[in-house]
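A short write-up of the structure that comes next.
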Amino acid sequence: MRDAIRTPEELLRFLDLPAPLLEGAIRSARIFPLLVPRGFAELMERGNPADPLLRQVLPLRVEDDSSEDAVRDAVGDGAARRAPGLIHKYAGRVLLLATGSCAVHCRYCFRRHYPYGDEPGRLEDWRPALEYIAADPTIHEVLLSGGDPLMLPDVRLFDLLESLEAIPHVERLRFHTRLPIVLPSRVTDRLVERWMDSPKRVVIVVHVNHARELGDECRSALQRLVRAGLMVLNQSVLLRGVNDSVESLATLSEALVNLGVLPYYIHQLDRVGGTLHFEVSEVEGRELLTRLRARLPGYAVPRYVREIPGEPGKSDVFAAD
Ligand code: SF4
(Lines give C-alpha, C1' and ligand atoms only; values in the text may rest on other atoms or scores of the structure.)
Protein backbone atom coordinates (compact mmCIF):
# COMPACT_ATOMS: atom_id res chain seq x y z
CA MET A 1 0.00 0.00 0.00
CA ARG A 2 3.05 2.25 0.25
CA ASP A 3 2.72 3.35 -3.38
CA ALA A 4 -1.10 3.74 -3.32
CA ILE A 5 -2.55 6.93 -4.80
CA ARG A 6 -3.91 9.14 -2.03
CA THR A 7 -4.65 12.53 -3.53
CA PRO A 8 -6.91 13.74 -6.35
CA GLU A 9 -3.98 15.63 -7.88
CA GLU A 10 -1.97 12.44 -8.16
CA LEU A 11 -4.83 10.39 -9.59
CA LEU A 12 -5.71 13.02 -12.20
CA ARG A 13 -2.06 13.30 -13.22
CA PHE A 14 -1.60 9.53 -13.34
CA LEU A 15 -4.60 9.08 -15.65
CA ASP A 16 -4.30 12.31 -17.70
CA LEU A 17 -7.71 13.47 -16.55
CA PRO A 18 -9.17 16.94 -17.21
CA ALA A 19 -8.16 19.58 -14.65
CA PRO A 20 -11.76 20.85 -14.03
CA LEU A 21 -12.44 17.63 -12.08
CA LEU A 22 -9.89 18.65 -9.48
CA GLU A 23 -11.75 21.19 -7.38
CA GLY A 24 -14.76 18.94 -6.67
CA ALA A 25 -12.47 15.97 -6.07
CA ILE A 26 -10.45 17.86 -3.48
CA ARG A 27 -13.61 19.01 -1.70
CA SER A 28 -15.23 15.56 -1.56
CA ALA A 29 -11.96 13.86 -0.60
CA ARG A 30 -11.95 16.00 2.56
CA ILE A 31 -15.08 14.15 3.71
CA PHE A 32 -14.04 10.63 2.57
CA PRO A 33 -10.39 10.53 1.48
CA LEU A 34 -9.30 9.20 -1.88
CA LEU A 35 -7.40 5.91 -1.77
CA VAL A 36 -6.53 3.71 -4.78
CA PRO A 37 -3.86 1.00 -5.01
CA ARG A 38 -1.59 1.80 -7.95
CA GLY A 39 -2.15 -1.61 -9.57
CA PHE A 40 -5.91 -0.99 -9.60
CA ALA A 41 -5.41 2.49 -11.12
CA GLU A 42 -3.31 0.88 -13.85
CA LEU A 43 -6.41 -1.04 -14.99
CA MET A 44 -8.20 2.26 -15.73
CA GLU A 45 -8.33 3.87 -19.15
CA ARG A 46 -6.23 7.02 -19.34
CA GLY A 47 -8.01 10.25 -20.22
CA ASN A 48 -11.49 8.78 -19.67
CA PRO A 49 -13.44 10.37 -16.79
CA ALA A 50 -16.28 7.87 -17.43
CA ASP A 51 -14.09 4.80 -16.95
CA PRO A 52 -16.16 2.36 -14.83
CA LEU A 53 -13.26 1.61 -12.50
CA LEU A 54 -12.37 5.26 -12.07
CA ARG A 55 -15.98 6.18 -11.26
CA GLN A 56 -15.84 3.88 -8.25
CA VAL A 57 -12.93 5.76 -6.67
CA LEU A 58 -12.86 9.34 -7.94
CA PRO A 59 -14.42 11.86 -5.51
CA LEU A 60 -16.90 14.11 -7.34
CA ARG A 61 -18.48 17.42 -6.47
CA VAL A 62 -21.91 15.76 -6.68
CA GLU A 63 -21.16 13.82 -3.46
CA ASP A 64 -21.84 17.05 -1.69
CA ASP A 65 -25.58 16.34 -1.97
CA SER A 66 -28.12 17.41 0.57
CA SER A 67 -30.84 14.93 -0.33
CA GLU A 68 -33.18 14.63 2.64
CA ASP A 69 -33.77 10.91 2.33
CA ALA A 70 -30.08 9.96 2.19
CA VAL A 71 -28.83 8.87 5.61
CA ARG A 72 -25.55 8.10 7.37
CA ASP A 73 -26.44 4.54 8.46
CA ALA A 74 -28.80 3.17 5.80
CA VAL A 75 -28.52 -0.45 6.88
CA GLY A 76 -29.11 -0.11 10.62
CA ASP A 77 -25.62 -1.19 11.75
CA GLY A 78 -25.71 1.15 14.75
CA ALA A 79 -28.91 -0.36 16.18
CA ALA A 80 -27.57 -3.92 15.80
CA ARG A 81 -24.22 -3.36 17.55
CA ARG A 82 -24.03 -5.83 20.46
CA ALA A 83 -20.40 -5.32 21.57
CA PRO A 84 -17.47 -3.26 20.28
CA GLY A 85 -16.87 -4.43 16.70
CA LEU A 86 -19.80 -6.86 16.66
CA ILE A 87 -23.08 -6.52 14.77
CA HIS A 88 -25.83 -9.10 15.22
CA LYS A 89 -28.67 -8.55 12.78
CA TYR A 90 -29.52 -11.96 11.36
CA ALA A 91 -30.30 -15.32 12.98
CA GLY A 92 -27.38 -17.72 13.19
CA ARG A 93 -24.65 -15.31 12.13
CA VAL A 94 -22.82 -12.23 13.34
CA LEU A 95 -20.59 -9.66 11.70
CA LEU A 96 -17.20 -8.71 13.10
CA LEU A 97 -15.82 -5.37 11.97
CA ALA A 98 -12.25 -6.65 11.96
CA THR A 99 -10.71 -3.29 11.09
CA GLY A 100 -11.79 0.11 9.81
CA SER A 101 -9.14 0.11 7.06
CA CYS A 102 -9.62 -0.66 3.40
CA ALA A 103 -7.13 -0.81 0.54
CA VAL A 104 -9.45 1.24 -1.65
CA HIS A 105 -12.08 3.83 -0.84
CA CYS A 106 -15.20 3.08 -2.87
CA ARG A 107 -17.23 6.25 -3.21
CA TYR A 108 -20.54 4.36 -2.98
CA CYS A 109 -19.60 2.58 0.25
CA PHE A 110 -22.51 2.26 2.69
CA ARG A 111 -20.06 2.35 5.60
CA ARG A 112 -18.36 5.58 4.54
CA HIS A 113 -19.77 7.32 7.64
CA TYR A 114 -19.31 4.41 10.09
CA PRO A 115 -17.47 5.47 13.28
CA TYR A 116 -14.70 2.85 13.00
CA GLY A 117 -12.58 4.74 15.49
CA ASP A 118 -14.90 3.40 18.24
CA GLU A 119 -14.16 -0.25 17.36
CA PRO A 120 -11.50 -2.62 18.81
CA GLY A 121 -7.90 -2.55 17.68
CA ARG A 122 -6.07 -5.24 19.68
CA LEU A 123 -7.03 -8.87 20.35
CA GLU A 124 -7.85 -8.17 24.00
CA ASP A 125 -10.30 -5.47 22.84
CA TRP A 126 -12.20 -8.24 21.01
CA ARG A 127 -12.87 -10.07 24.26
CA PRO A 128 -16.50 -8.81 24.69
CA ALA A 129 -17.34 -9.71 21.07
CA LEU A 130 -15.78 -13.17 21.41
CA GLU A 131 -17.58 -13.74 24.71
CA TYR A 132 -20.89 -12.73 23.09
CA ILE A 133 -20.36 -15.28 20.29
CA ALA A 134 -19.25 -18.02 22.70
CA ALA A 135 -22.33 -17.45 24.86
CA ASP A 136 -24.82 -17.90 22.00
CA PRO A 137 -24.90 -21.47 20.61
CA THR A 138 -27.23 -20.40 17.79
CA ILE A 139 -24.36 -18.50 16.12
CA HIS A 140 -22.96 -20.87 13.49
CA GLU A 141 -21.27 -18.37 11.22
CA VAL A 142 -19.02 -15.37 11.78
CA LEU A 143 -18.56 -12.85 8.98
CA LEU A 144 -15.33 -10.92 9.12
CA SER A 145 -15.80 -7.61 7.41
CA GLY A 146 -14.80 -4.02 8.00
CA GLY A 147 -13.28 -2.12 6.45
CA ASP A 148 -11.47 -5.10 5.00
CA PRO A 149 -10.36 -7.94 7.30
CA LEU A 150 -7.36 -8.71 5.06
CA MET A 151 -5.93 -5.30 5.95
CA LEU A 152 -4.97 -6.85 9.30
CA PRO A 153 -1.40 -8.12 9.38
CA ASP A 154 -1.20 -11.93 9.41
CA VAL A 155 -0.25 -12.10 13.06
CA ARG A 156 -3.39 -10.23 14.18
CA LEU A 157 -5.66 -11.89 11.65
CA PHE A 158 -4.48 -15.36 12.65
CA ASP A 159 -4.87 -14.59 16.38
CA LEU A 160 -8.47 -13.55 15.75
CA LEU A 161 -9.07 -16.64 13.61
CA GLU A 162 -7.68 -18.89 16.31
CA SER A 163 -9.98 -17.35 18.92
CA LEU A 164 -13.00 -17.88 16.67
CA GLU A 165 -11.97 -21.42 15.75
CA ALA A 166 -11.88 -22.27 19.46
CA ILE A 167 -15.65 -21.67 19.75
CA PRO A 168 -17.22 -25.10 19.10
CA HIS A 169 -20.59 -23.96 17.71
CA VAL A 170 -19.02 -21.63 15.12
CA GLU A 171 -18.98 -23.77 11.97
CA ARG A 172 -18.17 -21.27 9.25
CA LEU A 173 -15.91 -18.24 8.92
CA ARG A 174 -16.80 -15.91 6.11
CA PHE A 175 -14.41 -13.20 4.91
CA HIS A 176 -15.82 -10.22 3.03
CA THR A 177 -12.88 -8.71 1.20
CA ARG A 178 -12.00 -6.58 -1.80
CA LEU A 179 -8.26 -7.14 -1.45
CA PRO A 180 -7.98 -10.10 -3.86
CA ILE A 181 -9.32 -7.65 -6.45
CA VAL A 182 -7.61 -4.36 -5.70
CA LEU A 183 -4.42 -5.69 -4.05
CA PRO A 184 -4.07 -9.33 -5.19
CA SER A 185 -0.56 -9.64 -3.74
CA ARG A 186 -2.27 -9.89 -0.32
CA VAL A 187 -3.39 -13.41 -1.27
CA THR A 188 -0.13 -14.98 -0.16
CA ASP A 189 0.60 -18.71 0.04
CA ARG A 190 0.78 -18.32 3.83
CA LEU A 191 -2.73 -16.87 3.97
CA VAL A 192 -4.21 -19.48 1.66
CA GLU A 193 -2.56 -22.29 3.64
CA ARG A 194 -3.88 -20.87 6.92
CA TRP A 195 -7.40 -20.87 5.52
CA MET A 196 -6.98 -24.40 4.15
CA ASP A 197 -5.78 -25.57 7.57
CA SER A 198 -8.77 -24.09 9.39
CA PRO A 199 -10.96 -26.67 11.14
CA LYS A 200 -13.97 -24.56 10.09
CA ARG A 201 -15.45 -24.07 6.62
CA VAL A 202 -13.91 -20.89 5.20
CA VAL A 203 -15.96 -18.87 2.72
CA ILE A 204 -14.47 -15.92 0.81
CA VAL A 205 -16.83 -13.27 -0.54
CA VAL A 206 -15.04 -10.89 -2.89
CA HIS A 207 -16.44 -7.70 -4.34
CA VAL A 208 -16.20 -6.99 -8.07
CA ASN A 209 -18.52 -4.63 -9.92
CA HIS A 210 -17.06 -4.67 -13.41
CA ALA A 211 -15.20 -7.33 -15.42
CA ARG A 212 -12.26 -4.98 -16.08
CA GLU A 213 -11.40 -5.18 -12.37
CA LEU A 214 -10.31 -8.77 -13.04
CA GLY A 215 -6.74 -8.07 -14.11
CA ASP A 216 -4.16 -10.84 -14.58
CA GLU A 217 -2.90 -10.75 -10.97
CA CYS A 218 -6.41 -10.72 -9.60
CA ARG A 219 -7.43 -13.68 -11.77
CA SER A 220 -4.47 -15.66 -10.58
CA ALA A 221 -5.25 -14.82 -6.92
CA LEU A 222 -8.86 -15.93 -7.33
CA GLN A 223 -7.78 -19.13 -9.05
CA ARG A 224 -5.44 -19.94 -6.16
CA LEU A 225 -8.34 -19.56 -3.73
CA VAL A 226 -10.60 -21.75 -5.84
CA ARG A 227 -7.92 -24.41 -6.37
CA ALA A 228 -7.31 -24.46 -2.62
CA GLY A 229 -10.88 -25.74 -2.26
CA LEU A 230 -12.25 -22.58 -0.64
CA MET A 231 -15.76 -21.48 -1.46
CA VAL A 232 -15.45 -18.18 -3.35
CA LEU A 233 -18.47 -15.96 -4.02
CA ASN A 234 -18.83 -12.49 -5.46
CA GLN A 235 -21.06 -9.62 -4.55
CA SER A 236 -21.53 -6.46 -6.57
CA VAL A 237 -23.43 -3.24 -6.14
CA LEU A 238 -25.63 -2.05 -9.00
CA LEU A 239 -24.02 1.27 -9.87
CA ARG A 240 -24.94 3.96 -12.36
CA GLY A 241 -22.14 4.47 -14.86
CA VAL A 242 -20.30 1.32 -13.72
CA ASN A 243 -22.40 -1.78 -14.41
CA ASP A 244 -25.89 -0.49 -15.30
CA SER A 245 -26.17 -2.44 -18.55
CA VAL A 246 -26.99 -6.06 -19.38
CA GLU A 247 -23.78 -6.29 -21.38
CA SER A 248 -21.63 -5.27 -18.46
CA LEU A 249 -23.44 -7.52 -15.96
CA ALA A 250 -23.32 -10.53 -18.30
CA THR A 251 -19.62 -10.06 -19.05
CA LEU A 252 -18.86 -9.88 -15.33
CA SER A 253 -20.92 -12.94 -14.44
CA GLU A 254 -19.38 -15.03 -17.19
CA ALA A 255 -15.85 -13.96 -16.27
CA LEU A 256 -16.48 -14.89 -12.63
CA VAL A 257 -18.03 -18.25 -13.43
CA ASN A 258 -15.11 -19.05 -15.75
CA LEU A 259 -12.77 -18.42 -12.81
CA GLY A 260 -14.84 -20.66 -10.52
CA VAL A 261 -16.31 -17.74 -8.55
CA LEU A 262 -20.08 -17.80 -8.07
CA PRO A 263 -21.97 -14.53 -8.68
CA TYR A 264 -23.84 -14.40 -5.38
CA TYR A 265 -25.50 -11.04 -4.80
CA ILE A 266 -26.05 -7.81 -6.67
CA HIS A 267 -27.07 -5.16 -4.16
CA GLN A 268 -29.41 -2.29 -4.66
CA LEU A 269 -27.46 0.78 -3.54
CA ASP A 270 -27.95 1.69 0.12
CA ARG A 271 -29.09 5.30 0.19
CA VAL A 272 -26.19 6.75 2.11
CA GLY A 273 -25.41 10.45 1.90
CA GLY A 274 -22.92 11.32 -0.85
CA THR A 275 -23.66 8.22 -2.97
CA LEU A 276 -27.01 8.89 -4.65
CA HIS A 277 -25.48 9.74 -8.04
CA PHE A 278 -24.69 5.99 -8.27
CA GLU A 279 -28.31 4.97 -7.79
CA VAL A 280 -30.13 2.85 -10.38
CA SER A 281 -33.85 2.69 -9.66
CA GLU A 282 -35.31 -0.67 -8.64
CA VAL A 283 -37.57 -0.56 -11.69
CA GLU A 284 -34.53 -0.33 -13.95
CA GLY A 285 -32.65 -2.88 -11.86
CA ARG A 286 -35.46 -5.42 -12.22
CA GLU A 287 -35.51 -4.88 -15.96
CA LEU A 288 -31.73 -5.43 -16.16
CA LEU A 289 -31.82 -8.59 -14.05
CA THR A 290 -34.80 -9.98 -15.98
CA ARG A 291 -32.86 -9.55 -19.21
CA LEU A 292 -29.78 -11.08 -17.60
CA ARG A 293 -31.81 -14.15 -16.56
CA ALA A 294 -32.92 -14.60 -20.15
CA ARG A 295 -29.32 -14.56 -21.31
CA LEU A 296 -27.35 -16.62 -18.75
CA PRO A 297 -27.76 -19.95 -16.99
CA GLY A 298 -29.42 -19.61 -13.59
CA TYR A 299 -26.26 -20.17 -11.55
CA ALA A 300 -24.57 -17.23 -13.30
CA VAL A 301 -27.26 -14.72 -12.31
CA PRO A 302 -26.70 -13.05 -8.93
CA ARG A 303 -29.62 -12.55 -6.55
CA TYR A 304 -30.83 -8.96 -6.70
CA VAL A 305 -31.16 -7.86 -3.06
CA ARG A 306 -31.55 -4.83 -0.91
CA GLU A 307 -31.12 -4.27 2.77
CA ILE A 308 -34.03 -3.03 4.83
CA PRO A 309 -33.12 -2.13 8.43
CA GLY A 310 -34.90 -4.45 10.89
CA GLU A 311 -35.56 -7.25 8.34
CA PRO A 312 -34.33 -10.75 9.30
CA GLY A 313 -32.13 -11.04 6.18
CA LYS A 314 -31.39 -9.44 2.83
CA SER A 315 -34.62 -8.81 0.93
CA ASP A 316 -34.93 -10.27 -2.55
CA VAL A 317 -36.08 -7.47 -4.82
CA PHE A 318 -38.12 -9.94 -6.88
CA ALA A 319 -39.71 -11.57 -3.82
CA ALA A 320 -42.77 -9.31 -3.87
CA ASP A 321 -43.67 -10.48 -7.42
S1 SF4 B 1 -13.59 -2.01 0.19
FE2 SF4 B 1 -15.69 -2.42 0.94
S3 SF4 B 1 -15.80 -1.46 2.99
FE4 SF4 B 1 -13.97 -0.64 1.94
S5 SF4 B 1 -14.68 1.28 0.97
FE6 SF4 B 1 -14.90 -0.36 -0.57
S7 SF4 B 1 -17.00 -1.10 -0.31
FE8 SF4 B 1 -16.50 0.08 1.53
Side-chain angles (χ1 to χ4, degrees), residues 1 4-6 11 28-41 43-44 52-60 63 70-78 81 85 87 89 95-119 143-152 157 174-187 204-210 213-214 218 221-222 232-243 252 264-279 302 305-307 314:
M1 284 303 294
I5 297 175
R6 295 171 190 275
L11 185 61
S28 292
R30 276 191 208 118
I31 299 163
F32 184 42
L34 180 148
L35 180 62
V36 193
R38 198 160 289 264
F40 192 65
L43 298 172
M44 299 172 190
L53 276 55
L54 174 71
R55 275 186 62 81
Q56 298 179 50
V57 299
L58 177 68
L60 294 179
E63 290 177 27
V71 295
R72 291 176 75 81
D73 176 13
V75 299
D77 279 352
R81 189 174 181 267
I87 292 173
K89 276 200 262 196
L95 184 86
L96 272 189
L97 299 171
T99 169
S101 306
C102 294
V104 63
H105 285 174
C106 313
R107 306 313 297 178
Y108 53 85
C109 181
F110 70 98
R111 291 217 176 96
R112 57 186 277 160
H113 303 293
Y114 193 87
Y116 285 112
D118 302 346
E119 303 300 9
L143 284 71
L144 291 100
S145 179
D148 196 309
L150 296 196
M151 288 300 280
L152 291 176
L157 183 66
R174 192 196 319 174
F175 290 79
H176 280 204
T177 176
R178 195 141 155 74
L179 261 76
I181 314 307
V182 299
L183 198 65
S185 58
R186 178 66 182 93
V187 183
I204 313 294
V205 182
V206 296
H207 173 172
V208 188
N209 299 309
H210 192 280
E213 292 171 50
L214 301 166
C218 163
L222 292 174
V232 188
L233 311 171
N234 181 61
Q235 56 181 346
S236 309
V237 183
L238 185 57
L239 297 167
R240 175 72 66 206
V242 175
N243 55 14
L252 173 59
Y264 168 46
Y265 277 153
I266 182 149
H267 294 263
Q268 178 65 15
L269 183 82
D270 296 308
R271 309 197 84 238
V272 169
T275 68
L276 297 190
H277 56 293
F278 283 111
E279 187 170 44
V305 293
R306 66 191 155 132
E307 185 142 354
K314 303 259 184 282

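Quick caveat: nothing in here was measured; it's all calculated off a predicted structure. Counting starts at 1 for both ligands and their atoms, in listed order.
Each of the following atoms of ligand 1 lies closer than 4.0 Å to a heavy atom of C109: 3 (S), 5 (S), 7 (S), 8 (Fe).
Between V104 and ligand 1 there is a heavy-atom distance shorter than 4.0 Å.
Put simply, H207 stays out of reach of atom 6 (Fe) of ligand 1, with no N, O or S atom under 2.8 Å from it. Because the distance cut-off is set at 2.8 Å, C102 qualifies as a neighbour of atom 4 (Fe) of ligand 1 through one of its N, O or S atoms.
The side chain to side chain contact (heavy atoms under 4.5 Å, CB included) search around E279 returns Q268, L269, R271, not counting sequence neighbours. Scanning for side chain to side chain contact (heavy atoms under 4.5 Å, CB included) contacts around L43 gives F40, L53, with sequence neighbours left out.
Side-chain atoms of N209 come within 3.5 Å of backbone atoms of V237 as a donor-acceptor pair (strictly under, hydrogens ignored). A donor-acceptor pair under 3.5 Å is formed between the side chain of S236 and the backbone N or O of V208.
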